[in-house]
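Since the structure comes first, as structure tokens, the remarks are kept for the end.
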Amino acid sequence: MAGPGVPGAPTARWKRHIVRQLRLRDRTQKALFLELVPAYNHLLEKAELLDTFSKKLQPEPNSVTPTTHQGPWEESGLDSDQVPSLATLRVKWQEEEEGLRLVCGEMAYQVVEKSVALGALESELQELQSRLAALEVRVARLREARAQQAQQVEERRAQNAVQLEAYEALRAHVGLREAALRRLQEEARDLLERLVQRKAGAAAERNLRNERRERGPDTLGDGMRERTETLALAPEPEPLENEACEKWKRPFRSASATSLTLSHCVDVVKGLLDFKKRRGHSIGGAPEQRYQIIPVCVATRLPTQAQDVLDAHLSEVNAVRFGPNSSLLATGGADRLIHLWNVVGSRLEVNQTLEGAGGSITSVDFDPSVRNFAPVAWDCAPSDLHTGQGYQVLAATYNQAAQLWKVGEAQSKETLSGHKDKVTAAKFKLTRHQAVTGSRDRTVKEWDLGRAYCSRTINVLSYCNDVVCGDHIIISGHNDQKIRFWDSRGPHCTQVIPVQGRVTSLSLSHDQLHLLSCSRDNTLKVIDLRVSNIRQVFRADGFKCGSDWTKAVFSPDRSYALAGSCDGALYIWDVDTGKLESRLQGPHCTAVNAVAWCYSGSHVVSVDQGRKVVLWH
């Protein structure tokens with residue numbers, strides 16, 4: 001704090017303020033006394049006048065009666081008629097005395113009032129002075145706090161500078177590590193190619209040996225020449241196991257050693273890998289376990305009428321999905337519940353309720369339960385395919401996570417947490433124990449379901465409303481009116497297709513050749529993935545997309561496209577002709593959020609914002 005001698009210092013300021021207050025008080029009190037002085041002077045004049053009259057009215061000791069002596073009025077030269085009588089003078093004197101008393105009383109009352117006012121002003125001044133002192137103390141404390149905060153700000157800036165330098169160093173280090181990783185990946189690819197070439201050479205050599213042994217000793221020269229030619233094409237093979245050599249004879253026999261080509265070598269390597277797989281060995285990593293493709297109907301039947309209408313949930317229903325066997329159905333809503341239903345004839349019967357979701361359900365998905373490996377690895381017995389026991393249900397929720405249930409277990413099996421905003425889509429991949437989720441935090445994540453671990457995060461640049469998965473591709477639809485394609489084996493976006501309107505849903509055809517998108521411009525678009533171009537655009541009078549999560553789907557045979565409108569109607573277009581094939585109006589009184597078409601093609605289910613689930617046949 002500055003010293004008192006410095007101009008503008010805080011001590012000089014509050015002293016000047018006190019001096020100003022004292023001067024103001026002096027002026028105020030001086031004004032009050034200036035009002036009292038004229039009144040007091042007037043009172044003194046009245047008192048002097050009264051004293052003069054009193055002296056005049058007092059009789060002198062040696063005075064004589066007016067009858068014998070000449071009075072003062074006569075001496076002054078006045079006539080006797082003009083001299084007032086004593087009684088008159090007394091009356092006037094009494095009147096003047098009474099007036100003076102009144103004036104004196106009034107002046108005394110005013111003096112008392114002024115004294116009281118002066119006391120009040122003095123007390124108010126003291127109170128203001130005390131408040132001023134308290135404010136000065138508070139100002140001093142605030143200045144000290146401000147100085148401390150300024151010091152903290154400087155310290156934080158220094159820390160930020162140090163952290164920024166550390167961040168830049170880490171960033172440079174990460175760049176170097178990424179470059180090293182890319183080099184290692186390239187080396188790994190080269191090693192893999194060399195391994196394949198070595199295995200192909202080994203297989204070719206084994207074939208030649210087998211051919212030579214079968215031809216006999218007379219063909220030894222030919223066999224040696226063939227072996228020499230083969231080794232000139234392929235690098236030196238690794239040593240092979242003696243036990244496996246005898247078992248390679250039949251699978252890798254060739255008609256002639258001179259017919260060995262590159263395609264033949266590839267076939268030989270595939271046979272080698274299959275043989276190793278049967279023996280329980282791994283070559284180049286464990287093979288991916290994949291779901292078999294779910295068989296679909298040959299021809300889809302168009303629905304014509306509502307068969308069953310249920311108030312299934314406590315609030316809005318957002319998602320619906322058929323199971324692989326077409327007799328199991330899942331619905332999810334804003335009440336944080338997933339209801340499983342059995343389709344029995346033309347009715348929906350309650351199967352199970354899955355609880356434990358932390359937020360509103362935005363999408364549901366079943367994993368296919370028919371797998372491309374031995375029955376001992378199935379999650380369910382064949383007898384359970386009709387009841388759904390052993391199926392897994394994956395749901396996206398608004399509590400920044402996706403959750404995985406197993407049908408038959410009431411509680412949530414796994415929680416996939418890692419997103420920073422609402423999860424809007426969650427889908428199983430075609431490879432086992434893998435899933436993909438999309439979120440409003442502008443990321444798409446790939447998950448290893450066996451460990452509930454995020455194996456990869458993709459920054460997709462915009463809110464993601466839906467995702468679908470192909471063999472080696474992930475497709476995401478976004479709020480920025482774009483559909484993006486991501487290679488599941490690479491880190492970058494492979495293609496972007498712009499559309500008009502925010503994308504609300506995506507549906508991939510069974511053959512993975514066509515993609516159906518629904519967007520807020522009230523249109524459905526069919527994209528031919530072979531040429532990456534929009535093939536059809538579906539519109540209809542009255543059709544309007546009701547929300548950012550409205551779902552549209554292909555029929556199982558890709559003959560039709562189905563979507564629900566905000567007026568509660570279902571619209572069905574013919575994919576080949578682009579014409580509106582059917583419009584179903586019925587039980588829905590509010591916007592239809594999602595629709596599902598069973599794999600057998602016989603049933604359609606729709607859900608709306610008014611808690612209803614409708615089965616169409």
Side-chain angles (χ1 to χ4, degrees), residues 318-321 330 332 338 357-367 392-404 414-431 434-449 452-499 501-508 512 515-520 525 527 545 547-553 593-594:
N318 297 325
V320 60
R321 185 78 171 182
I338 294 179
S360 176
I361 305 295
T362 57
S363 76
V364 293
D365 192 26
F366 281 98
D367 69 324
Q392 292 186 101
V393 177
L394 181 65
T397 66
Y398 269 10
N399 70 332
Q400 306 179 8
Q403 291 186 283
L404 184 69
E414 294 288 353
T415 299
L416 310 179
S417 59
H419 286 287
K420 298 179 181 179
D421 204 339
K422 300 174 182 178
V423 180
T424 54
K427 300 292 177 62
F428 285 99
K429 295 186 69 176
L430 297 181
T431 51
Q434 290 187 349
V436 174
T437 58
S439 171
R440 288 181 177 260
D441 63 358
R442 298 180 175 86
T443 63
V444 169
K445 291 181 180 290
E446 295 185 62
W447 300 88
D448 183 347
L449 300 181
Y453 167 73
C454 178
S455 58
R456 181 188 178 197
T457 298
I458 305 173
N459 294 316
V460 294
L461 307 177
S462 178
Y463 288 176
C464 179
N465 288 329
D466 201 6
V467 295
V468 291
C469 303
D471 284 333
H472 300 292
I473 196 169
I474 298 171
I475 308 173
S476 56
H478 303 276
N479 262 17
D480 63 355
Q481 306 180 12
K482 293 180 181 178
I483 299 173
R484 292 180 170 88
F485 295 76
W486 310 88
D487 190 341
S488 61
R489 298 164 297 182
H492 302 297
C493 178
T494 60
Q495 188 177 5
V496 177
I497 297 180
V499 295
R502 297 190 297 272
V503 180
T504 65
S505 73
L506 299 173
S507 176
L508 190 63
Q512 300 185 21
L515 179 70
L516 177 67
S517 70
C518 179
S519 54
R520 291 307 300 271
K525 300 175 182 66
I527 300 173
C545 188
S547 64
D548 285 347
W549 52 89
T550 299
K551 298 295 187 293
V553 296
N593 281 337

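Keep in mind that what you see is a predicted model, and the values were worked out from it rather than measured.
Note that NE2 of His472 and OG1 of Thr494 are 13.0 Å apart. Values are rounded to the nearest 0.5 Å. Distance CZ/Arg502 to SG/Cys518: 12.0 Å, rounded to 0.5 Å. Atom OG in Ser476 sits 9.0 Å away from atom CD1 in Ile483 (nearest 0.5 Å). Residue Ser462 holds its OG atom at 9.5 Å from CD of Gln481, rounded to the nearest 0.5 Å. To the nearest 0.5 Å, atom NE2 of residue His419 and atom SG of residue Cys454 are 7.0 Å apart. The OG atom of Ser455 sits 10.0 Å away from atom NZ of Lys445, with the distance rounded to the nearest 0.5 Å.
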**Request:** For the pair Trp447 and Gln434, evaluate side chain to side chain contact (heavy atoms under 4.5 Å, CB included) and give the outcome as yes or no after the intermediate values.
**Result:** CA-CA 6 Å; Trp447 300 88; Gln434 290 187 349; over 6 Å; no
**Request:** For Leu404 and Leu416, run side chain to side chain contact (heavy atoms under 4.5 Å, CB included): C-alpha distance rounded to whole Å, both residues' side-chain angles, the deciding distance at 0.1 Å, then the answer.
**Result:** CA-CA 8 Å; Leu404 184 69; Leu416 310 179; 5.6 Å; no
**Prompt:** Taking it one step at a time, do Glu414 and Leu449 satisfy side chain to side chain contact (heavy atoms under 4.5 Å, CB included)?
**Reply:** CA-CA 8 Å; Glu414 294 288 353; Leu449 300 181; over 6 Å; no
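Annotation: side chain of His478 is not in contact with side chain of Leu461 (no heavy-atom distance under 4.5 Å). Between Asn593 and Asn318, the closest side-chain pair of non-hydrogen atoms falls below 4.5 Å. Between Gln403 and Ile338, the closest side-chain pair of non-hydrogen atoms is not below 4.5 Å. Inter-residue side-chain proximity for Glu446 and Ile458 is flagged as met; some heavy-atom pair is nearer than 4.5 Å. Side-chain contact between Trp486 and Val467 is absent, with no heavy-atom pair separated by less than 4.5 Å. Annotation: side chain of Asp471 is in contact with side chain of Leu430 (closest heavy-atom distance under 4.5 Å). Considering only heavy atoms from C-beta on, Val436 comes within 4.5 Å of Val444 through its side chain. Put simply, the side chain of Phe366 does not reach to within 4.5 Å of the side chain of Gln392, judged on heavy atoms.
Side-chain N or O atoms of Asp466 include one that pairs as donor or acceptor with a backbone N or O of Leu506 at under 3.5 Å. In this structure a side-chain-to-backbone donor-acceptor pair under 3.5 Å is present from Ser505 to Ala552. Ser417 places no side-chain N or O within 3.5 Å of a backbone atom of Ala401 that could act as its donor or acceptor partner. For the pair Thr362 (side chain) and Ala396 (backbone), a donor-acceptor distance under 3.5 Å is present. For the pair Asn465 (side chain) and Val503 (backbone), a donor-acceptor distance under 3.5 Å is present. In this structure, Ser439 contributes its side chain and Thr443 its backbone to no donor-acceptor pair below 3.5 Å. Formation of a donor-acceptor pair under 3.5 Å by the Thr504 side chain with backbone atoms of Thr550 is found in this model.
The shortest non-hydrogen separation linking Gly501 to Ser519 is O-CB, 3.8 Å. When every heavy atom of Cys469 is checked against every heavy atom of Leu508, the shortest pair comes out as O-CD2, 3.7 Å. Heavy atoms only, all atoms of each residue included: Leu394 and Ala402 are closest at CD1-CB, 4.4 Å. For the pair Ala395 and Val364, the tightest heavy-atom approach, listed with the atom from each and the gap, is CB-CG1, 4.2 Å. Heavy atoms only, all atoms of each residue included: Gln400 and Lys422 are closest at CG-N, 4.3 Å.
Using a 4.0 Å cut-off between charged nitrogen and carboxylate oxygen, Asp480 and Arg484 count as a salt-bridge pair. The residues Asp365 and Lys427 are annotated as not salt-bridged, no charged nitrogen and carboxylate oxygen being separated by less than 4.0 angstrom.
Of the listed residues (Ile475, Ile474, Leu516), just one forms a side chain to side chain contact (heavy atoms under 4.5 Å, CB included) with Val468, and that residue is Ile475.
No donor-acceptor contact under 3.5 angstrom links the side chains of Thr424 and Trp549, judged on distance only.
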